K.L.:
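Take this structure, written in structure tokens, and hold onto it; I'll ask about it next.
In what follows, every heavy atom counts, from backbone to side chain, and hydrogens, waters and symmetry copies are set aside. None of the values given here were measured: they were computed from a predicted structure.
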Amino acid sequence: MLEIKIKKLQLTNTWTIARNSSETKENVFVKISRDGIDGIGEAAPNVRYGENAELTIQKIRQAEKILNNFDWFNFVDIKKALDEEITNQSCAKAAIDIALMDWVGKSFKTPLYRLLGLNPKCTPVTSFSIGIDKPELLKKKIEQAAIYPVLKIKVGRDNEKEIITTVRSLTDKPLRIDANEAWQTKEEALEKILWMQTQNIEFIEQPMPADMLDETAWVRARVNIPVVADESVKRVDDIMKLADAFDGINIKLMKSGGLLEAIKMIDVAHRLGMKIMLGCMIESSVAISAAAHLSPWAQWADLDGNLLISNDPFKGVGVQNGKLILNESPGIGVSGDF
Ligand code: MG
């Protein structure tokens, strides 16, 4: 059986990045049930990838037909069938994959990280993201983020210097900068990153549009902080062509279509000598907790989507002094009313 619900997530602060601005986010939740056990999943449709709640629900209904034909312990076969059948709205696939792995973990009465052989003590610190804003509001947000040791700062609306100078006047915490594809020429990107290097910046994420790989490689050769891919990478097939342009990749379950693809991506990226960041969209504790189970594999985590909303319907992974804390509950370790 499969149930679907849309839930409106309320952002604590207006969320502005290079592309757009929002106050709320509508995510699609699924509950799959078999043999008296439920698995919960979540899709966070993203306009950047042409996704919306309505199309996501259509794809989840398509996936339901596939689920009905399989033994759910054969989740590798299910992934293959989903990949063949559902070629866009990857967030819909992510919702099914998360719910399925939650169900499998609960069936074995085991947390997912334990099924994967990962040590929960090895989780990284998550950064806390600060959207684009005016200096007065940035000050308020930096105060709200006092308990988080690493900040991720969104830029890309031509006021980078103002934003970073303001943040730097308030805190000396390590900063990660995300430009969300904003800089259109390699010269502009280089000039901005060279200035940022003087500001104790840990890395720069997606400085240029997703397809501008040669230009990004040119920039990367001239800067001395890591350059991390986000919009340039969705699935495992994208990674091979990124090795010249980027030092690491930001894996998000909503882009990859779930945990099983993300695990393959981690392996391929590591073989290419690239670092792993686990990131997220605006998501509740369902999708964030699922990703956190993979986080012992990651150098960097940006799993704060649930920390940016004020009405999280679920409870799962915790955060202590920034470090992700995985619990002992089976599956993805999430509780709450569906
Ligand atoms: Mg990003």
K.L.:
So, for Thr185 and Met208, which heavy atoms are closest and what is the spacing to 0.1 Å?
P.N.:
C-CE, 3.3 Å
K.L.:
Please report the closest heavy-atom contact between Val30 and Ala95, naming both atoms and the distance.
P.N.:
CG2-O, 3.6 Å
K.L.:
Indicate every side-chain donor-acceptor pair of residues 219-230 with a distance under 3.5 Å to a residue at least two apart or in another chain.
P.N.:
{"unit_1": "Arg220", "atom_1": "NE", "unit_2": "Asp247", "atom_2": "OD1", "d": "3.2"}
{"unit_1": "Arg220", "atom_1": "NE", "unit_2": "Asp247", "atom_2": "OD2", "d": "3.2"}
{"unit_1": "Arg220", "atom_1": "NH1", "unit_2": "Ala243", "atom_2": "O", "d": "3.1"}
{"unit_1": "Arg220", "atom_1": "NH1", "unit_2": "Asp244", "atom_2": "O", "d": "2.9"}
{"unit_1": "Arg220", "atom_1": "NH2", "unit_2": "Asp247", "atom_2": "OD1", "d": "2.9"}
{"unit_1": "Arg222", "atom_1": "NH1", "unit_2": "Trp218", "atom_2": "O", "d": "2.8"}
{"unit_1": "Asn224", "atom_1": "OD1", "unit_2": "Gln197", "atom_2": "NE2", "d": "2.9"}
{"unit_1": "Asp230", "atom_1": "OD1", "unit_2": "Lys255", "atom_2": "NZ", "d": "2.7"}
{"unit_1": "Asp230", "atom_1": "OD2", "unit_2": "Lys252", "atom_2": "NZ", "d": "2.8"}

K.L.:
Output the distance between atom CG (Asn306) and atom NZ (Lys315), rounded to the nearest 0.5 Å.
P.N.:
11.0 Å
K.L.:
With sequence neighbours excluded, give me every salt bridge (Lys or Arg N to Asp or Glu O under 4.0 Å) pair touching residues 105-132.
P.N.:
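Residue pairs passing salt bridge (Lys or Arg N to Asp or Glu O under 4.0 Å), neighbours aside: Asp102-Lys106, Arg114-Glu328.
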K.L.:
What verdict does the side-chain hydrogen bond (donor to acceptor under 3.5 Å, both in side chains) test give for Trp183 and Glu160, after you've listed the backbone C-alpha separation in whole Å, the side-chain angles of each residue and the deciding distance to 0.1 Å?
P.N.:
CA-CA 11 Å; Trp183 303 327; Glu160 292 86 8; 2.9 Å; yes
K.L.:
Do Val47 and Ile17 land in one hydrophobic cluster if side-chain heavy atoms of ILVMFWY residues count as linked below 4.5 Å?
P.N.:
no
K.L.:
Could you walk me through whether Lys80 and Glu85 pass the salt bridge (Lys or Arg N to Asp or Glu O under 4.0 Å) test, one step at a time?
P.N.:
CA-CA 9 Å; Lys80 188 164 177 278; Glu85 177 83 14; over 6 Å; no
K.L.:
Among pairs that include at least one residue of residues 203-217, which meet salt bridge (Lys or Arg N to Asp or Glu O under 4.0 Å), considering only residues two or more places apart or in two chains?
P.N.:
Lys152-Glu205
K.L.:
Is it true that Phe108 and Val334 fall in one hydrophobic cluster, defined by side-chain heavy atoms closer than 4.5 Å?
P.N.:
yes
K.L.:
Residues in side-chain contact (heavy atoms from CB on, under 4.5 Å) with Pro149, at least two apart?
P.N.:
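Scan of Pro149 (side-chain contact (heavy atoms from CB on, under 4.5 Å), adjacent residues dropped) gives Val125.
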K.L.:
Roughly how far, to the nearest 0.5 Å, is CD1 of Ile276 from CD1 of Ile251?
P.N.:
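So the CD1 of Ile251 and the CD1 of Ile276 are separated by 4.0 Å.
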K.L.:
In the single-linkage hydrophobic clustering (I, L, V, M, F, W, Y; side-chain heavy atoms under 4.5 Å), do Ile96 and Val286 co-cluster?
P.N.:
yes
K.L.:
Going by an N to O cut-off under 4.0 Å, is there a salt bridge joining Lys154 and Asp133?
P.N.:
no
K.L.:
Does anything in residues 287-338 pair up under ring pair (Phe, Tyr, Trp, His ring centres under 6.0 Å), and if so which pairs, sequence neighbours excluded?
P.N.:
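Of all non-adjacent pairs touching residues 287-338, those that pass ring pair (Phe, Tyr, Trp, His ring centres under 6.0 Å) are Phe29-Phe314, Tyr113-His293, Phe203-Trp300.
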K.L.:
If you count every heavy atom of other residues, nucleotides or ligands that lies below 6.0 Å from Lys31 atom NZ, does the total exceed 12?
P.N.:
yes
K.L.:
Salt bridge between Asp238 and Lys241, side-chain N to carboxylate O under 4.0 Å?
P.N.:
yes
K.L.:
For atom CD of Glu143, is the number of surrounding heavy atoms from other residues, nucleotides or ligands below 6.0 Å larger than 12?
P.N.:
yes
K.L.:
Is there any side-chain hydrogen bond (donor to acceptor under 3.5 Å, both in side chains) pair reaching into residues 256-266, and which pairs are they, with sequence neighbours excluded?
P.N.:
Lys79-Glu261, Arg235-Glu261
K.L.:
Hey, could you give me each pair passing salt bridge (Lys or Arg N to Asp or Glu O under 4.0 Å) that has a residue in residues 44-56? Not counting sequence neighbours.
P.N.:
Arg48-Glu181
K.L.:
Does some side-chain heavy atom of Arg61 sit less than 4.5 Å from a side-chain heavy atom of Gln58?
P.N.:
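No, too far: nothing below the 4.5 Å cut-off.
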K.L.:
Side chains of Asn52 and Gln89: is there a donor and an acceptor less than 3.5 Å apart?
P.N.:
no
K.L.:
In terms of hydrophobic clustering (I, L, V, M, F, W, Y; side-chain heavy atoms under 4.5 Å; direct or indirect links), are Met240 and Ile263 co-clustered?
P.N.:
yes
K.L.:
Step by step, work out the side chain to side chain contact (heavy atoms under 4.5 Å, CB included) result for Met101 and Leu260.
P.N.:
CA-CA 9 Å; Met101 297 317 292; Leu260 296 173; 4.2 Å; yes
K.L.:
Which atom names give the shortest non-hydrogen contact between Asp302 and Cys280, and what distance separates them?
P.N.:
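Reported closest heavy-atom pair: O-SG, 3.2 Å.
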K.L.:
For Trp72, give me all partners under ring-ring contact (aromatic ring centres under 6.0 Å, His included), at least two apart in sequence or on another chain.
P.N.:
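Partners of Trp72 by the ring-ring contact (aromatic ring centres under 6.0 Å, His included) criterion, ordered by chain and then number, come out as Trp103.
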K.L.:
Please identify each residue that fulfils side-chain hydrogen bond (donor to acceptor under 3.5 Å, both in side chains) with Thr123, with sequence neighbours left out.
P.N.:
Lys323
K.L.:
Take atom CD in Glu191; do more than 12 heavy atoms of anything else shown fall under 6.0 Å from it?
P.N.:
no
K.L.:
Is it true that the side chains of Lys25 and Asn27 contain a donor and an acceptor less than 3.5 Å apart?
P.N.:
yes
K.L.:
How long is the gap from CD1 on Ile57 to CD on Gln62, to the nearest 0.5 Å?
P.N.:
13.5 Å
K.L.:
Tell me the closest heavy-atom pair linking Asp304 and Ser127, and the distance in Å.
P.N.:
CB-O, 3.5 Å
K.L.:
Determine whether more than 12 heavy atoms belonging to other residues, nucleotides or ligands lie under 6.0 Å from atom CG of Asn321.
P.N.:
no
K.L.:
Linking I/L/V/M/F/W/Y whenever any side-chain heavy atoms sit under 4.5 Å apart, do Ile266 and Val233 land together?
P.N.:
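Ile266 clusters together with Val233.
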K.L.:
If the threshold is 4.0 Å, N to carboxylate O, is there a salt bridge linking Glu136 and Lys140?
P.N.:
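Result for this pair is no, no salt bridge flagged.
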K.L.:
Looking only at heavy atoms, which two atoms of Ala43 and Thr56 are closest? And how far apart?
P.N.:
CB-CG2, 3.6 Å
K.L.:
Rounded to the nearest 0.5 Å, what's the gap from CG on Asn68 to CD1 on Ile66? Could you check?
P.N.:
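Between atom CG of Asn68 and atom CD1 of Ile66 there are 10.0 Å.
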K.L.:
Could you go step by step and tell me if Ile32 and Asp38 meet the side chain to side chain contact (heavy atoms under 4.5 Å, CB included) rule?
P.N.:
CA-CA 6 Å; Ile32 59 169; Asp38 298 331; over 6 Å; no
K.L.:
For Lys275, I'd like to know if atom NZ has over 12 heavy atoms of other residues, nucleotides or ligands within 6.0 Å.
P.N.:
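Check fails, neighbour count at 12 or below.
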K.L.:
Which atom pair, heavy atoms only, marks the closest approach of Ala44 to Met281?
P.N.:
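That closest heavy-atom pairing would be CB-CB, 4.0 Å.
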K.L.:
Please examine the side chains of Lys234 and Ser90, heavy atoms only from C-beta on, and report whether any two atoms are closer than 4.5 Å.
P.N.:
yes
K.L.:
With sequence neighbours left out, what residues match Asp71 under side-chain contact (heavy atoms from CB on, under 4.5 Å)?
P.N.:
Phe73, Asn74
K.L.:
From Leu100 CG over to Leu259 CG, what is the distance, rounded to the nearest 0.5 angstrom?
P.N.:
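CG of Leu259 is found 10.0 Å from CG of Leu100.
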K.L.:
Could you work out, with side-chain contact (heavy atoms from CB on, under 4.5 Å) as the rule, every residue matching Asn311, not counting sequence neighbours?
P.N.:
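Asn311 satisfies side-chain contact (heavy atoms from CB on, under 4.5 Å) with Leu9, Gln10, Ile309 only.
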K.L.:
So how far is it from Glu3 CD to Ser33 OG, rounded to the nearest 0.5 Å?
P.N.:
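Nearest 0.5 Å value for the CD-OG distance: 6.5 Å.
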K.L.:
Just jot down the side-chain contact (heavy atoms from CB on, under 4.5 Å) partners of Asn200, sequence neighbours excluded, or say none.
P.N.:
Arg168
K.L.:
Using side chain to side chain contact (heavy atoms under 4.5 Å, CB included), reason through Thr198 and Trp195 one step at a time and then give a plain yes or no.
P.N.:
CA-CA 6 Å; Thr198 66; Trp195 177 78; 4.3 Å; yes
K.L.:
Measuring only between side-chain heavy atoms, which start at C-beta, is Pro45 closer than 4.5 Å to Leu55?
P.N.:
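With C-beta onward as the side chain, the pair stays apart.
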K.L.:
Evaluate the side-chain proximity of Leu307 to Tyr148: yes if any heavy-atom separation is below 4.5 Å, no if none is.
P.N.:
yes
